[in-house]
A.B. asks: 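One structure is given below, represented as structure tokens, and several questions about it will come after.
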Amino acid sequence: PQAVAKCRSAGIKVIMVTGDHPLTAKAIGRKVGIISPGVRTVDEIPGADPFTPLSDPSERPKGIVIHGAELAEMSDQKVDFILANYPEIIFARTSPTQKLRIVEGCQRAGLIVAVTGDGVNDAPALRKAHIGIAMGITGTEVAKQVADMILLDDNFASIVSAIEEGRLLFDNLKKTISYALTANIPE
């Protein structure tokens, strides 16, 4: 839960995409913090339609669990709507093609997309993402070959640590370049 919370506080949206049953996925999502404590998902509200515009957007549930069968029936516009309007999203019982479609939807929204995966079924999404991250311990050779990075310890928190280090390095580079430019202008 801490790793997902750190991601959120850093402006990173974590979306769970899995082949698991929706109830299993939702339980895991709640346990790791993808669905925050106290957040109601669309499926918990009787008669709720995830696409109906509300007069008060604050009334919209923050979480949504989408079954692969529902996703198969959705237009790209509806997928884009979900990605833009729900901060806490779980896609369950998804196929490799649907995982790829979700990555493409995030990219259409202008997001930088990182995908973690361990199986052959994750390979298309790993390849399409800006950053494909394969699991080093449980990952298949196919996933490792198409990925940009291999996570040696299979721990999501390691990704968060790498992002923190990368952002610190980027900030230091900006400061160094700024100093070099301002120091050399008088010359």
Side-chain angles (χ1 to χ4, degrees), residues 1-8 12-54 57-109 111 113-129 132-135 137-140 142-143 147 151 154-157 159-160:
Q2 270 186 329
V4 174
K6 277 186 172 182
C7 284
R8 285 209 177 104
I12 299 167
K13 185 174 187 173
V14 179
I15 299 173
M16 181 177 177
V17 183
T18 181
D20 290 339
H21 187 278
L23 292 176
T24 304
K26 187 173 170 183
I28 293 168
R30 284 197 185 278
K31 186 175 181 178
V32 300
I34 291 171
I35 303 290
S36 302
V39 167
R40 292 175 51 182
T41 57
V42 173
D43 61 302
E44 295 172 341
I45 300 168
D49 177 12
F51 306 108
T52 303
L54 301 173
S58 67
E59 293 177 12
R60 180 179 308 285
K62 288 186 169 68
I64 189 166
V65 179
I66 302 288
H67 190 288
E70 295 173 272
L71 181 59
E73 301 296 318
M74 285 184 197
S75 66
D76 285 345
Q77 291 79 14
K78 286 188 174 184
V79 172
D80 294 347
F81 180 88
I82 287 171
L83 294 170
N85 290 285
Y86 291 92
E88 302 180 8
I89 305 171
I90 295 174
F91 290 97
R93 285 279 192 239
T94 54
S95 69
T97 306
Q98 291 171 329
K99 290 177 183 184
L100 181 61
R101 187 172 176 216
I102 294 163
V103 169
E104 291 169 344
C106 291
Q107 290 175 335
R108 275 194 308 275
L111 302 173
V113 181
V115 172
T116 61
D118 62 358
V120 174
N121 61 332
D122 298 317
L126 286 167
R127 182 178 296 278
K128 181 69 175 176
I133 306 167
M135 299 296 140
I137 298 169
T138 59
T140 62
V142 172
L151 189 60
D154 288 9
N155 187 345
F156 183 77
I159 298 169
V160 177

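Numbers here simply count residues along the sequence, with the first being 1.
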A.B. asks: Has Arg93 got a side-chain atom pairing as donor or acceptor with Gly68's backbone, closer than 3.5 angstrom?
C.D. replies: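 No.
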
A.B. asks: Identify the residue among Ile34, Ile159, Ile12 that makes a side chain to side chain contact (heavy atoms under 4.5 Å, CB included) with Cys7.
C.D. replies: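 Among Ile34, Ile159, Ile12, the one that satisfies the side chain to side chain contact (heavy atoms under 4.5 Å, CB included) with Cys7 is Ile12.
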
A.B. asks: Before giving the answer on side chain to side chain contact (heavy atoms under 4.5 Å, CB included), spell out for Asp122 and Lys99 the whole-Å C-alpha distance, their side-chain angles and the decisive distance to 0.1 Å.
C.D. replies: CA-CA 7 Å; Asp122 298 317; Lys99 290 177 183 184; 2.7 Å; yes

A.B. asks: Using side-chain hydrogen bond (donor to acceptor under 3.5 Å, both in side chains) as the criterion, list what pairs up with Asp20, not counting sequence neighbours.
C.D. replies: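 side-chain hydrogen bond (donor to acceptor under 3.5 Å, both in side chains) check on Asp20 returns Thr18.
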
A.B. asks: Enter the distance from Ile35:CD1 to Glu88:CD here, rounded to the nearest 0.5 Å.
C.D. replies: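 Rounded to the nearest 0.5 Å, the CD1-CD separation comes to 5.0 Å.
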
A.B. asks: Determine the minimum heavy-atom distance between Ala129 and Val113, stating which atoms define it.
C.D. replies: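 Here Ala129 and Val113 meet closest at CB-O, 3.6 Å.
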
A.B. asks: Which residues pass the side chain to side chain contact (heavy atoms under 4.5 Å, CB included) test with Asp80, not counting sequence neighbours?
C.D. replies: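 Residues passing side chain to side chain contact (heavy atoms under 4.5 Å, CB included) with Asp80: Arg108.
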
A.B. asks: Report the C-alpha distance between Phe51 and Met74 in whole Å, list the side-chain angles of each, state the deciding distance to 0.1 Å, and finish with yes or no for side chain to side chain contact (heavy atoms under 4.5 Å, CB included).
C.D. replies: CA-CA 11 Å; Phe51 306 108; Met74 285 184 197; 3.9 Å; yes

A.B. asks: Residues in side chain to side chain contact (heavy atoms under 4.5 Å, CB included) with Lys62, at least two apart?
C.D. replies: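 Applying side chain to side chain contact (heavy atoms under 4.5 Å, CB included) to Lys62 gives Val39, Pro87.
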
A.B. asks: With sequence neighbours left out, write down each residue that passes side-chain hydrogen bond (donor to acceptor under 3.5 Å, both in side chains) with Arg101, or none if nothing qualifies.
C.D. replies: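 Here the qualifying residues are Asp76.
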
A.B. asks: At their closest point, which heavy atom of Leu151 faces which heavy atom of Phe156, and how far apart are they?
C.D. replies: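 The pair with the smallest heavy-atom distance is CD2-N, 4.4 Å.
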
A.B. asks: Just one of Val65, Ile90, Thr94, Val4 clears the side chain to side chain contact (heavy atoms under 4.5 Å, CB included) bar with Met16, so which one?
C.D. replies: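 Single pass found, and it is Ile90.
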
A.B. asks: With sequence neighbours left out, which residue pairs that include part of residues 21-32 fulfil the side chain to side chain donor-acceptor pair (under 3.5 Å) condition?
C.D. replies: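 Listed once each, the pairs are Lys26-Thr41, Lys26-Asp43, Lys26-Glu44, Arg30-Glu44.
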
A.B. asks: Kindly compute the distance separating CD1 (Ile15) from SG (Cys106), expressed to the nearest 0.5 Å.
C.D. replies: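 Going from CD1 on Ile15 over to SG on Cys106, the span is 4.0 Å.
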
A.B. asks: Only counting residues at least two apart or in another chain, list the ones meeting side chain to side chain contact (heavy atoms under 4.5 Å, CB included) with Ala143.
C.D. replies: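 Listed in chain order: Leu126, Ala134, Thr140.
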
A.B. asks: Of the non-hydrogen atoms in Pro124 and Leu100, which two are nearest, and what is the gap between them?
C.D. replies: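 Heavy-atom minimum between the residues: O-CD1, 3.6 Å.
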
A.B. asks: For residues 65-74, which residue pairs qualify under side chain to side chain donor-acceptor pair (under 3.5 Å), counting only residues two or more places apart or in two chains?
C.D. replies: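 For residues 65-74, and leaving out neighbouring residues, there are no side chain to side chain donor-acceptor pair (under 3.5 Å) pairs at all.
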
A.B. asks: I'd like to check the side-chain hydrogen bond (donor to acceptor under 3.5 Å, both in side chains) partners of Thr138; sequence neighbours left out, ordered by chain and number.
C.D. replies: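 Thr138: side-chain hydrogen bond (donor to acceptor under 3.5 Å, both in side chains) contacts with Asp154.
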
A.B. asks: For Ile64, enumerate each residue passing the side chain to side chain contact (heavy atoms under 4.5 Å, CB included) test, keeping only those at least two apart in sequence or located in another chain.
C.D. replies: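 Applying side chain to side chain contact (heavy atoms under 4.5 Å, CB included) to Ile64 gives Val42, Pro50, Ile66, Ile82, Tyr86, Ile89.
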
A.B. asks: Do the side chains of Val103 and Val115 get nearer than 4.5 Å, heavy atoms only?
C.D. replies: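 Touching, per the 4.5 Å side-chain cut-off.
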
A.B. asks: Checking Lys78 now: which residues fulfil salt bridge (charged side-chain N to carboxylate O under 4.0 Å, His left out) with it, not counting sequence neighbours?
C.D. replies: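 Partners of Lys78 under the salt bridge (charged side-chain N to carboxylate O under 4.0 Å, His left out) test: none.
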
